[in-house]
Amino acid sequence: MHLDINSERFEITAEGFTVELLPKEFALFQFLYRNVGRTFTREQLLDKVWPLEYPVERTVDDHIYRLRKKLKPIHGLEIRTIRGLGYSLVLPVPHPAEGVIPTLADPELHETMRALFSKYQLYGQGRSMLTLARQQDVLGYQLDPFYSEYIQFVQGDLDWLLNKSEAPLRDRLFYLLVFFCLTKSPEQTLPVCERVLALKLLPPPYHREMEILTILDVYTLAGKPNKALERVSFSYRVIAELKYDSFIPQITIAEMLAHVVAGSPEPQIAKLADAVENGMLNEKPFLREIGSYRVVKGLWLQRKGESTEAEKQLDEGLTVLERSGFVPLRLHSLYRIVNVFAMFPPPLALQQKYLELYNLELDRIGVTRLSAGLDAVIREQLA
């Protein structure tokens, strides 16, 4: 089908039918048409179509709604909502005789794409995963169901995970628990995590992650670092048995944090820091571990009273995590900072700085609006 786009009269003509658009509707359509098949978030569309203006995200939704109504008579021309990712313009699918995208039915390509997502996940490159997910139509593949859910977690879309996902709750429960744990006091989250493990509410891979990694920080930040350190040997044993080598840096960082909170001897903490910084991160320079380590190192330095260098490390770590695109990981590090500082207060200005950053992150995720629904889901599962 041929589209005739008249930029002077803001008109689109196809199959003898002409659609008249308002200037901003036309600008939005033209941008999507020039990037047909690509997915754009509301923020990206605001930046490209409303530069130097100050509209809100609702502006995009309203224009998309009106565009869809006006374009409806042109069969096959569609602005598609890619769940949790944004909007994408789709042109009419050609008749089989004109050729279709053969890669959509290629299992080898789909396996290759899944392996690529897995590699980005390993390296902690959330932005890379999001970029790849938004190119499904252009690259001719369909996103693996697991990564369809995981992508929402990576970008911190709590609303989608809580209210809009078609996946069973059991498949989303771990992600929801992570957000629950990062938005409540450690004293509140500890009994919840212990009960979840006791009831075995999570699918096996998530259950294992919680019992060997997630629970360590919960004990530490709840003021029970020795309990976390007792459990570390179990974590390393499970890793060795199941060959979960990718967990080693994260567990070592969690162990280091437990020693910091416990006030362990300096040489003991320094040994762990050296193992991570000069060993693990040289071999596996994953953004997730680099950012997390910098934050824990900053907390260690602050515990020693070195506030200036501590703040530098904390900021470097948070910057790396912001660059990674993994929203929950940055929230996790801010949660670590806020709760360690509550136990061992630094200079007031430093404490307030990171508390404000933590609250800003909660607002960005929409926790205030969604907390009641999140609490209700967790309570229901534990009943």
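Predicted model, so just to flag it, every value in this text is computed and none were measured.
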**Request:** Kindly determine whether L71 and F29 satisfy side-chain contact (heavy atoms from CB on, under 4.5 Å), including the steps that lead there.
**Result:** CA-CA 10 Å; L71 296 176; F29 174 82; 3.9 Å; yes

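- Heavy-atom neighbours of F344 CZ from other residues, nucleotides or ligands within 6.0 Å: above the threshold of 12.
- With hydrophobic clusters built from ILVMFWY side chains whose heavy atoms lie under 4.5 angstrom apart, L229 does not share a cluster with L221.
- Rounding to the nearest 0.5 angstrom, the gap separating the CD1 atom in I239 from the CD1 atom in I248 is 5.5 Å.
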**Asked** Given E266 and W300, is the side-chain contact (heavy atoms from CB on, under 4.5 Å) satisfied, shown in steps?
**Response** CA-CA 10 Å; E266 190 78 8; W300 174 35; 3.1 Å; yes

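- Under the 3.5 Å distance criterion, the side-chain polar atoms of R42 are left unmatched by any main-chain donor or acceptor of G86.
- A 4.5 Å side-chain heavy-atom check between L350 and F341 finds at least one atom pair inside the cut-off.
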**Asked** Would E255 and Y236 count as a side-chain contact (heavy atoms from CB on, under 4.5 Å) if you check the C-alpha gap in whole Å, the side-chain angles of each, and the deciding distance to 0.1 Å?
**Response** CA-CA 11 Å; E255 181 185 4; Y236 285 126; 2.9 Å; yes

**Request:** For L216 and I251, run side-chain contact (heavy atoms from CB on, under 4.5 Å): C-alpha distance rounded to whole Å, both residues' side-chain angles, the deciding distance at 0.1 Å, then the answer.
**Result:** CA-CA 8 Å; L216 298 180; I251 290 175; 4.1 Å; yes

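- Within a 6.0 Å radius of CZ in R9, other residues, nucleotides and ligands contribute 12 heavy atoms or fewer.
- A distance of 12.0 Å separates CZ of R369 from CG of L374, quoted to the nearest 0.5 Å.
- Side-chain atoms of D217 do not come within 3.5 Å of backbone N or O of L213 as any donor-acceptor pair.
- Side-chain contact between L177 and M210 is present, with at least one heavy-atom pair separated by less than 4.5 Å.
- Atom CG of D144 and atom CG of L116 lie 12.5 Å apart (nearest 0.5 Å).
- One finds the NE2 atom of H332 at 9.0 Å from the OH atom of Y335 (value rounded to the nearest 0.5 Å).
- K304 contributes no side-chain N or O that, together with a main-chain N or O of A310, makes up a donor-acceptor pair within less than 3.5 Å.
- Side-chain polar atoms of Q313 and E309 form a donor-acceptor pair below 3.5 angstrom.
- Under the side chain to side chain contact (heavy atoms under 4.5 Å, CB included) rule, Q152 has a single partner from L162, D159, D157, which is D157.
- Using a 4.5 Å heavy-atom cutoff, the side chains of V327 and F153 are not in contact.
- For the pair N359 (side chain) and L355 (backbone), a donor-acceptor distance under 3.5 Å is present.
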**Message:** As a quick check of understanding, evaluate side chain to side chain donor-acceptor pair (under 3.5 Å) for Y354 and S333, giving each step before the final call.
**Reply:** CA-CA 10 Å; Y354 294 105; S333 281; over 6 Å; no

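- Distance alone, capped at 3.5 Å, places no donor-acceptor pair between the R336 side chain and the V295 backbone.
- One side chain, Y87 or D61, offers a donor N or O that lies under 3.5 Å from an acceptor on the other.
- Here the two rings, on F146 and F117, have centers that are 6.0 Å apart or farther.
- A donor-acceptor contact shorter than 3.5 Å links the side chain of H63 to the backbone of T59.
- Using a 3.5 Å distance cut-off with no hydrogens or angles, the side chains of E230 and Y219 do not pair a donor with an acceptor.
- In this structure, the side chain of T319 engages the main chain of D315 through a donor-acceptor pair within 3.5 Å.
- Residue-environment remark: NZ (K72) stays at or below the threshold of 12 foreign heavy atoms within 6.0 Å.
- With a 6.0 Å radius and a threshold of 12 heavy atoms from other residues, nucleotides or ligands, K48 has its NZ atom at or below the threshold.
- Residues L158 and L176 form a side-chain contact, since some pair of their non-hydrogen atoms from C-beta on lies under 4.5 Å apart.
- Criterion: ILVMFWY side-chain heavy atoms under 4.5 Å apart, direct or through other members. Under it, F26 and L32 are part of a common hydrophobic cluster.
- The only member of E277, E289, E311 that meets salt bridge (charged side-chain N to carboxylate O under 4.0 Å, His left out) when paired with R294 is E277.
- Contact annotation: the side chain of F179 never approaches that of V367 to less than 4.5 Å [non-hydrogen atoms, C-beta and beyond].
- Checked by atom type, the side-chain pair Y150/Y175 shows no donor-acceptor distance below 3.5 Å.
- Judged by distance alone, the side chain of D274 and the main-chain N or O of A270 form no donor-acceptor pair under 3.5 Å.
- In this structure, CD on Q125 lies 9.0 Å from CZ on F326, to the nearest 0.5 angstrom.
- Using a 4.5 Å heavy-atom cutoff, the side chains of V49 and V60 are not in contact.
- Residues L382 and F174 fall within the same hydrophobic cluster, defined by Ile, Leu, Val, Met, Phe, Trp and Tyr side chains chained together at heavy-atom separations under 4.5 Å.
- The environment of CD in E20 is sparse: at most 12 heavy-atom neighbours from other residues, nucleotides or ligands sit within 6.0 Å.
- The number of heavy-atom neighbours closer than 6.0 Å to NZ of K353, taken from other residues, nucleotides and ligands shown, is above 12.
- Annotation: the span from L190 atom CG to K224 atom NZ amounts to 5.5 Å, rounded to 0.5 Å.
- Side-chain N/O atoms of R288 and S246 include no donor and acceptor closer than 3.5 Å.
- A salt bridge links R330 to E361: at least one charged side-chain nitrogen sits closer than 4.0 Å to a carboxylate oxygen.
- When side chains are defined from C-beta on, L28 counts as touching I64, because their heavy atoms get closer than 4.5 Å.
- Using a 4.5 Å cut-off on side-chain heavy atoms (C-beta onward), L362 and T368 make no contact.
- With salt bridges taken as basic N to acidic carboxylate O contacts below 4.0 Å, one links E322 and R127.
- Side chain to side chain, Y244 and E209 fail the donor-acceptor criterion of an N or O pair below 3.5 Å.
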